[in-house]
Amino acid sequence: MLSSLVAKRLITGMCQAVWRPAFTGTVSSRGYKGEAPDDNKADLLEIPLPPWEEKTDEPIDIKRRRLLYESRKRGMLENCILLSLFAKRYLNTMTDSQLQQYDRLINEPSNDWDIYYWATEAQPTPEVYQGEVMEMLKEFTKNKNHEQRLDAPSLEYLEKETQ
């Protein structure tokens, strides 16, 4: 019982620490100083990620389900919304080649902001990710029909497709 009480206090303390404002007075409560000119970024940690490997023997229906999940569960909300809506519209009609391009595009880059900046054309897309799917994503991102895109789509549409 004592250990559960201690654990509860630790968790409560962590939650409070996480929700504490980033700035208290004039001193930042965070370790990273941002893009200040004198920032040598010595406080950044480089976490090695395993290289992306294409799943060549994956059945296409499993690949589509995995890519749908990976489109919805991103490191940032903007990409969760953008990629999940893109996947809802195009994933079920993509060819094997397009699925391969999409898989690489959303899984090989280690920084979700890169994908977002490429899709919004805020930064040039590296040659390795240029292709039919990237062009489809850029066009989709322009939102020419002015659709309201405030959240990822519910999964109810999947039930209708299987009936």
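If you're wondering where the values come from, they're calculated on a predicted model, not measured in any experiment. Hydrogens, waters and symmetry mates play no part in the numbers below; they use all other heavy atoms, side chains included.
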*Nearest 0.5 Å please: distance from the OG1 atom of T141 over to the CZ atom of R149.*
7.0 Å

*Can W118 be reached from L77 by stepping across I, L, V, M, F, W or Y side chains whose heavy atoms are under 4.5 Å apart?*
yes

_Applying ring-ring contact (aromatic ring centres under 6.0 Å, His included), can you list everything that pairs with W113, at least two apart in sequence or on another chain?_
Y116, Y117

*Distance from Y102 atom OH to L137 atom CG, nearest 0.5 Å?*
7.0 Å

*Decide if atom CD of E147 counts as having more than 12 heavy atoms of other residues, nucleotides or ligands within a radius under 6.0 Å.*
yes

*asked:* Do L105 and V128 land in one hydrophobic cluster if side-chain heavy atoms of ILVMFWY residues count as linked below 4.5 Å?
replied: yes

_Interatomic spacing from CG in L83 to CE in M76 - rounded to 0.5 Å_ = 9.0 Å

*Output the distance between atom OG1 (T125) and atom CE (M134), rounded to the nearest 0.5 Å.*
4.0 Å

_Quick check for you: to the nearest 0.5 Å, what is the distance between T120 atom OG1 and K138 atom NZ?_
9.5 Å

_V133 versus Q98, closest heavy-atom pair with distance_ = CG2-O, 3.3 Å

*Taking all heavy atoms of L82 and all of A119, pick out the closest pair and write down the distance.*
CD2-CB, 3.9 Å

*asked:* When you compare the side chains of Q101 and E132, does any donor N or O come within less than 3.5 Å of an acceptor on the partner?
replied: no

Going by atom type alone, with no hydrogens or angles, which donor-acceptor pairs under 3.5 Å involve a side-chain atom of residues 60-67 and a protein atom two or more places apart or on another chain?
unit_1 : atom_1 : unit_2 : atom_2 : d
D61    : OD2    : R65    : NH2    : 3.0
R64    : NE     : L91    : O      : 2.9
R64    : NH2    : M94    : O      : 2.5
R66    : NE     : E58    : OE1    : 3.3
R66    : NE     : E58    : OE2    : 2.9
R66    : NH1    : E70    : OE1    : 2.9
R66    : NH1    : E70    : OE2    : 3.4
R66    : NH1    : D103   : OD1    : 3.2
R66    : NH2    : E58    : OE1    : 2.8
R66    : NH2    : D103   : OD2    : 2.7

*asked:* With a sphere of 6.0 Å drawn around NZ of K73, does it hold more than 12 non-hydrogen atoms of other residues, nucleotides or ligands?
replied: no

*Classify the angle between the aromatic ring planes of F140 and F86 as parallel (below 30°), tilted (30 to 60°) or perpendicular (above 60°).*
perpendicular

*Taking all non-hydrogen atoms of both residues, which atom of R72 and which atom of C80 are closest, and how far apart?*
O-SG, 3.4 Å

*asked:* Testing the basics here: between A152 and I81, what is the closest heavy-atom pair and its distance to 0.1 Å?
replied: N-CG1, 3.9 Å

*Which residues satisfy the side chain to side chain donor-acceptor pair (under 3.5 Å) test with E108, sequence neighbours excluded?*
R104, Y129

*Is a donor on one side and an acceptor on the other found under 3.5 Å between the side chain of D112 and the backbone of G75?*
yes

